[in-house]
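Counting convention: from 1, in listed order, for ligands and their atoms alike.
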Amino acid sequence: MPLAQPGGVRLVPDDRGADNASVMPDRIEVEPEPTPPALPGEVIVRASVDAVVDAVAADLLGQAVSCARAFGDFHLALSGGSTPEPLYRRLMYDPRLRSMPWSRTHLWIVDERRVPFDDERSNFKHIRELIVEHSDIPRSQVHPIHATDENAADAYERELQSELEWRERGHDRLDFVLLGVGADGHTASLFPHSPALHANGRLVALNSGPTVTPPDRVTMTWRLLNASRLVAVMVTGAGKRGILTRLVHERLSPEDAPILGVRPLAGSLRWYIDHEACPTA
Ligand code: 6PG
């Protein structure tokens with residue numbers, strides 16, 4: 001099988017017979033790069049999931065190091081779902097990422113399902129098992145959402161404000177937020193035409209998604225996401241090509257596809273997409 005390289009370069013084993021193998025070099029093919037889809041913000045397209053993970057991890061490390069230097073700490077918010085799992089694993093084992101300042105990092109959860117922490121569907125359960133238990137992040141800097149509590153959204157909002165306000169009072173800015181996109185265009189637990197899209201003034205809200213299990217959620221709002229310094233949207237796999245095609249070619253509003261309501265006001269929005277998810281121009 002050809003070895004996939006970043007940037008669409010493939011080393012193809014010579015197929016002119018075993019006798020020639022030692023004298024004939026492999027062919028080098030350069031696959032045409034798909035045109036980056038016309039999405040708001042910067043769009044980074046890579047050949048494979050692994051190469052997408054490389055790109056996100058490098059930007060995450062860069063942002064972490066510069067925020068830890070500038071502010072003394074780094075506020076990172078992570079999503080659940082299956083897309084970011086290879087990134088979370090990589091953050092723990094890749095020696096090139098050893099300089100990640102975990103001891104200065106505050107770890108927040110973008111959204112949570114209203115289930116106990118030991119439930120398989122809990123986002124924090126997976127993030128704890130993949131990251132918290134393997135990094136030297138102090139426990140006091142890990143901020144799960146206590147989603148089964150009645151006042152979960154209010155309590156999380158207060159916690160965010162009290163940790164962030166010393167930097168710039170009234171400006172609740174996370175440093176790096178990692179988002180995914182659902183097949184219906186949702187992001188975080190902001191579902192199409194759902195009440196949390198109108199939670200004006202709130203940083204965190206309760207919400208409900210008719211097509212997801214469990215339907216009841218706690219989620220960061222557009223307001224908080226759009227105040228962030230860097231929002232990274234990771235989209236991989238053929239299953240996501242349909243929604244990316246719709247985002248590019250249909251006239252969807254942020255109500256129809258809430259990912260389109262993510263437009264950081266004084267920060268950057270960066271998409272990381274693999275070839276399989278990339279729509280045709
Ligand atoms: C969640 C997420 C959600 C997710 C998308 C994509 O808790 O499920 O925060 O917004 O990012 O649904 O999910 P996949 O990565 O599993 O496709």
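Linking Ile, Leu, Val, Met, Phe, Trp and Tyr whenever their side-chain heavy atoms come within less than 4.5 Å leaves Met220 and Val115 in two separate clusters. Follow the hydrophobic side-chain contacts under 4.5 Å out from Val212 and you never reach Ile259; the two are in separate clusters.
Nearest protein heavy-atom contact of atom 12 (O) of ligand 1 is His186 NE2, 2.7 Å. Counting protein heavy atoms only, atom 16 (O) of ligand 1 is closest to Ser82 N, 2.8 Å. Atom 7 (O) of ligand 1 has Asn123 ND2, 2.8 Å as its closest protein atom, hydrogens excluded (heavy atom only). Of all protein heavy atoms, the one lying nearest to atom 11 (O) of ligand 1 is Gly180 CA, 3.5 Å. Scanning all protein heavy atoms for the shortest distance to atom 3 (C) of ligand 1 gives Ala188 O, 3.5 Å. Looking from atom 13 (O) of ligand 1 to the surrounding protein, the closest heavy atom is Gly81 CA, 4.0 Å. Nearest protein heavy-atom neighbour of atom 8 (O) of ligand 1: Arg113 NH2, 2.6 Å.
Checked by atom type and distance alone, the side chain of Arg113 pairs as donor or acceptor with a backbone atom of Arg121 at under 3.5 Å. Proximity of a side-chain donor or acceptor of Gln63 to a complementary backbone N or O of Asp175 within less than 3.5 Å is detected. A donor-acceptor pair is defined here as one N or O able to donate and one able to accept, closer than 3.5 Å; no such pair exists between the side chain of Arg241 and the backbone of Pro279.
Contacts between Val181 and ligand 1, counted as non-hydrogen atom pairs separated by less than 4.0 Å, involve the backbone only.
Annotation: Thr187 places no N or O atom under 3.5 Å from an N or O atom of ligand 1; distance criterion only.
Using 4.0 Å as the threshold, Lys240 has a heavy atom nearer than that to some atom of ligand 1. Not a single heavy atom of Val110 sits less than 4.0 Å from an atom of ligand 1.
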Please tabulate, one pair per line, all N/O donor-acceptor pairs under 3.5 Å involving side-chain atoms of residues 196-204, not counting sequence neighbours.
from: His198; atom 1: NE2; to: Glu255; atom 2: OE2; distance (Å): 3.0
from: Arg202; atom 1: NE; to: Glu157; atom 2: OE1; distance (Å): 3.4
from: Arg202; atom 1: NE; to: Val204; atom 2: O; distance (Å): 3.0
from: Arg202; atom 1: NH1; to: Asp154; atom 2: OD1; distance (Å): 2.9
from: Arg202; atom 1: NH2; to: Asp154; atom 2: OD1; distance (Å): 2.8
from: Arg202; atom 1: NH2; to: Glu157; atom 2: OE1; distance (Å): 3.3
from: Arg202; atom 1: NH2; to: Val204; atom 2: O; distance (Å): 3.1

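In this structure, Ser140 OG and His106 NE2 are separated by 7.0 Å, a value rounded to the nearest 0.5 Å.
Annotation for Tyr156 and Ile109: closest pair OH-N, 2.9 Å, computed over non-hydrogen atoms.
Taking all heavy atoms of Asp111, Val233, Thr83 into account, the minimum distance to atom 9 (O) of ligand 1 is reached by Asp111.
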